[in-house]
Amino acid sequence: MKKIGLVGGTGPESTLMYYKELNSRIDKITDGKQMPEIVIESLDFRRAWNYVSSGRYDLLKEYLSEKVLCLKNAGAEVVSLTAVTMHIVFGDLVNDTGVSLISIPKAVCTEVKNKGYKKILLLGTIFTMEQDYMKNDFRDAGIEVYIPDENDRYLVAKRIFEELELGIVKESTLKEFQSIIDKIRDKNGIEAVVLGCTELPLLLNSENCSVPCLDSVEIHINDLIHEVL
């Protein structure tokens, strides 16, 4: 079994999900015979977020590259980021380190294609919704990607940053998100919602939404397990 390396801390809640799920699922798949070796480089979320919000992607790439190389030097054979927003420098990060990372956007796009969806809503941080790093694979596959209007985008981003990143889940926030999803479903005919932030599954799932939810963490972990085994 290959050793796993995770760049964590962006934020801590999603890192905990990755660690727990990788251990429990591989234990189950191997009938209780094996659990994975996992090494985590947990970076300073505030520092990384400041680089993103100020557009200092050069510094973000350097910071993430340092963590990826630490994982490589620790013997990690399957390496991944644990946050969608950090994929904003994914290509440069791979080129800089020479490490082949398991991409969240590519994993999710493959799942969307397999399910036959042609119109999706993308929710995530303001950067994930407004920039292209999570959208390019979908568009290349002929899938239409919708995002909330400006006011709703900032509401979603605010709730992620001030609540979900801290593990806070509120019924009032769920209702706000449900309203946004329903509005875009009625206007554009979306067939599914991509939870494009690794903390969003704390709040949303297919049981409490009017359309299916595609959990980027769930999909990504499945890809990681496939590579590990």
Side-chain angles (χ1 to χ4, degrees), residues 1-43 45 48 64-87 90 93-94 97-117 120 124 128 134 137-138 141 164-165 167 169 192-209 212-229:
M1 185 182 299
K2 296 177 182 177
K3 187 174 183 178
I4 302 170
L6 302 175
V7 179
T10 51
E13 293 296 324
S14 66
T15 308
L16 289 172
M17 282 191 281
Y18 274 87
Y19 183 78
K20 180 180 178 181
E21 291 299 315
L22 286 167
N23 274 287
S24 61
R25 292 190 197 186
I26 291 174
D27 186 45
K28 184 176 181 180
I29 289 170
T30 61
D31 294 323
K33 296 175 182 175
Q34 282 185 291
M35 295 180 78
E37 294 183 359
I38 302 176
V39 57
I40 299 173
E41 276 289 324
S42 187
L43 51 77
F45 172 71
L64 292 175
S65 293
E66 172 192 328
K67 301 304 179 185
V68 168
L69 291 175
C70 283
L71 294 170
K72 180 181 178 181
N73 292 335
E77 301 164 275
V78 177
V79 179
S80 178
L81 309 175
T82 58
V84 175
T85 301
M86 297 302 116
H87 282 69
F90 184 86
L93 184 59
V94 171
T97 62
V99 176
S100 181
L101 306 174
I102 308 300
S103 163
I104 295 177
K106 287 187 181 301
V108 177
C109 182
T110 298
E111 183 73 7
V112 170
K113 288 191 293 184
N114 288 343
K115 290 186 177 296
Y117 297 135
I120 61 167
T128 294
M134 189 69 182
D137 290 309
F138 295 125
L164 298 178
E165 290 283 2
V169 180
V193 180
V194 170
L195 306 182
C197 171
T198 44
E199 278 78 23
L200 280 172
L202 295 171
L203 181 73
L204 295 170
N205 58 66
S206 294
E207 294 182 0
N208 62 23
C209 287
C213 289
L214 299 177
D215 180 346
S216 59
V217 174
E218 171 85 12
I219 295 166
H220 191 220
I221 286 174
N222 287 338
D223 260 28
L224 287 171
I225 290 173
H226 176 76
E227 290 295 323
V228 167
L229 297 178

Donor-acceptor pair, distance only, cut-off 3.5 Å: does the side chain of [X] make one with the backbone of [Y]?
X	Y	result
E21	I221	no
N205	N208	yes
H87	I104	yes
T15	G9	yes

Kindly give the heavy-atom pair with the smallest separation between V169 and L203, and that separation in Å.
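Nearest heavy atoms, V169 then L203: CG1-CD1, 3.8 Å.
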For residues 73-83, dump all side-chain donor-acceptor pairs below 3.5 Å to protein atoms at least two apart in sequence or in another chain.
| unit_1 | atom_1 | unit_2 | atom_2 | d |
| --- | --- | --- | --- | --- |
| N73 | ND2 | L69 | O | 3.2 |
| E77 | OE1 | K3 | N | 2.9 |
| S80 | OG | I102 | O | 3.4 |
| S80 | OG | H220 | NE2 | 3.0 |
| T82 | OG1 | V7 | O | 2.8 |

How long is the span from the CE atom in M86 to the CG atom in L43, to the nearest 0.5 Å?
7.0 Å
Is the shortest side-chain heavy-atom distance between L224 and Y18 below 4.5 Å?
yes
Test item: V84 and S216 side chains (from C-beta on) under 4.5 Å apart, heavy atoms:
yes
Going by the rule salt bridge (Lys or Arg N to Asp or Glu O under 4.0 Å), which residues pair with [X] if we only count those two or more places apart in sequence or in a different chain?
X	answer
E165	none
E218	R25
D223	none
K115	E111

So for atom OH, which belongs to Y19, do other residues, nucleotides or ligands contribute more than 12 heavy atoms lying within a distance under 6.0 Å?
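Check fails, neighbour count at 12 or below.
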Taking everything shown except E13 itself, do over 12 heavy atoms lie less than 6.0 Å from its CD?
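Yes, because the 6.0 Å sphere around CD of E13 holds more than 12 heavy atoms from other groups.
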Residues that M1 engages under side chain to side chain contact (heavy atoms under 4.5 Å, CB included), provided they are two or more places apart:
I26, T30, Q34, P36, V228, L229
